[in-house]
Amino acid sequence: MSTLFGKIIRREIPSDIVYEDDLCLAFRDINPQAPTHVLLIPKKEIAGLSDAGAEDQALLGHMMLAAAKVARQIGGGGAFRVVVNNGAEAGQSVFHLHLHVLAGRPFRWPPG
Ligand code: DGP
């Protein structure tokens, strides 16, 4: 089922896109939790990480490398955090798989 991130991929709603390749798209989060807060999504519509299958192995690896590339390019060159919320109880609100790429401030552990 298509979500609003599907609409962002198809340019049906605007977003501040910072990276794109044939498999994924990255754009700034509308509600940033850090000076740099980018969402990296696969163009393939996968609802969440637990819905990915063995056929998505290369895609998921590609996304991790793309997240690091985005963090290097716009994250200021310092530390960064990558987060996947999987399921409503873990904080997922948009059911199209996405990596949160956060940078530009110190991060605490454990996360809330
Ligand atoms: P999550 O809660 O992990 O499912 O993260 C969803 C994120 O999506 C949340 O941080 C806010 C962001 N978001 C929701 N709607 C939009 C939108 O229309 N545009 C952009 N750029 N981000 C959005």
Side-chain angles (χ1 to χ4, degrees):
M1 191 184 67
S2 194
T3 69
L4 72 93
F5 288 176
K7 291 186 170 63
I8 286 176
I9 293 168
R10 294 190 296 276
R11 274 45 173 197
E12 292 167 9
I13 60 174
S15 68
D16 185 356
I17 293 171
V18 297
Y19 175 82
E20 181 171 22
D21 62 33
D22 52 338
L23 296 176
C24 62
L25 182 73
F27 51 93
R28 291 188 193 275
D29 195 292
I30 204 167
N31 183 24
Q33 302 300 314
T36 295
H37 186 173
V38 166
L39 301 173
L40 182 84
I41 66 173
K43 291 184 175 176
K44 178 179 177 183
E45 289 186 342
I46 301 171
L49 186 56
S50 59
D51 298 291
E55 69 278 13
D56 300 312
Q57 183 169 324
L59 172 61
L60 296 180
H62 179 88
M63 287 176 64
M64 293 301 282
L65 293 174
K69 190 186 296 184
V70 168
R72 265 198 308 276
Q73 286 176 356
I74 65 167
F80 63 93
R81 179 171 287 182
V82 177
V83 173
V84 178
N85 297 325
N86 186 82
E89 286 182 13
Q92 186 175 5
S93 60
V94 179
F95 288 84
H96 181 129
L97 174 62
H98 47 283
L99 307 186
H100 292 262
V101 183
L102 302 131
R105 67 167 172 84
F107 296 100
R108 285 190 289 271
W109 194 261

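In each ligand, atom 1 is the first atom listed, and ligand 1 is the first ligand listed. Since we're looking at a predicted model, the values are computed, not measured.
- Here is the list of ligand 1 atoms found below 4.0 Å of a heavy atom in H98: 1 (P), 3 (O), 4 (O), 5 (O), 6 (C).
- Among the atoms of H37, none of the N or O lies under 3.5 angstrom from an N or O of ligand 1.
- Note: an N/O pair closer than 3.5 Å links S93 and ligand 1 by distance alone.
- The closest protein non-hydrogen atom to atom 21 (N) of ligand 1 is R28 O, 2.9 Å.
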Requested in this report: Dump the intermediate steps for salt bridge (charged side-chain N to carboxylate O under 4.0 Å, His left out) on E20 and R11, then the final yes or no.
Outcome: CA-CA 13 Å; E20 181 171 22; R11 274 45 173 197; 2.7 Å; yes
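- Neither the backbone nor the side chain of D16 comes within contact range of ligand 1; no heavy atom lies under 4.0 Å.
- In the vicinity of D29, heavy-atom distances shorter than 4.0 Å reach the ligand 1 atoms 7 (C), 8 (O), 9 (C), 10 (O), 11 (C), 12 (C).
- Judged by distance alone, with hydrogens and angles left aside, the side-chain atoms of K43 form a donor-acceptor pair with the main-chain N or O of D21 at under 3.5 Å.
- Of the options L40, L23, I41, V84, a side-chain contact (heavy atoms from CB on, under 4.5 Å) to M63 is made by L40 and by none of the others.
- Between N31 and ligand 1, not a single N/O pair is under 3.5 Å apart.
- A distance-only check finds no donor-acceptor pair linking the side chain of D56 to the backbone of L59 [under 3.5 Å].
- The backbone N or O of S50 lies less than 3.5 Å from a partner atom in the side chain of N86, making a donor-acceptor pair.
- On a distance-only criterion, I13 and ligand 1 share no N/O pair closer than 3.5 Å.
- Taking only nitrogen or oxygen atoms, main chain and side chain alike, S15 does not reach within less than 3.5 Å of ligand 1.
- Looking only at protein heavy atoms, the nearest one to atom 15 (N) of ligand 1 is L4 CD1, 3.8 Å.
- In this structure a side-chain-to-backbone donor-acceptor pair under 3.5 Å is present from H98 to H96.
- Ring geometry, H100 versus H37: the interplanar angle falls from 30° to 60°, so the pair is classed tilted.
- Between V94 and ligand 1, a contact under 3.5 Å exists for at least one N or O pair.
- Under the 4.5 Å side-chain criterion, counting only non-hydrogen atoms from C-beta, Y19 is not in contact with L25.
- Of all non-hydrogen atoms in I8 and S15, the two that sit nearest each other are CG2-OG, 3.3 Å.
- Neither the backbone nor the side chain of V83 has any atom closer than 4.0 Å to an atom of ligand 1 (non-hydrogen atoms only).
- Atom 2 (O) of ligand 1 has G91 O, 2.7 Å as its closest protein atom, hydrogens excluded (heavy atom only).
- One finds a salt bridge joining E45 and R10 here, because a Lys/Arg side-chain nitrogen approaches an Asp/Glu carboxylate oxygen to under 4.0 Å.
- Near F5, with a cut-off below 4.0 Å to any heavy atom, the atoms of ligand 1 are 8 (O).
- By the criterion of a heavy-atom distance under 4.0 Å, neither the backbone nor the side chain of Q33 is placed next to ligand 1.
- In terms of N/O distances under 3.5 Å, ligand 1 is approached by I30.
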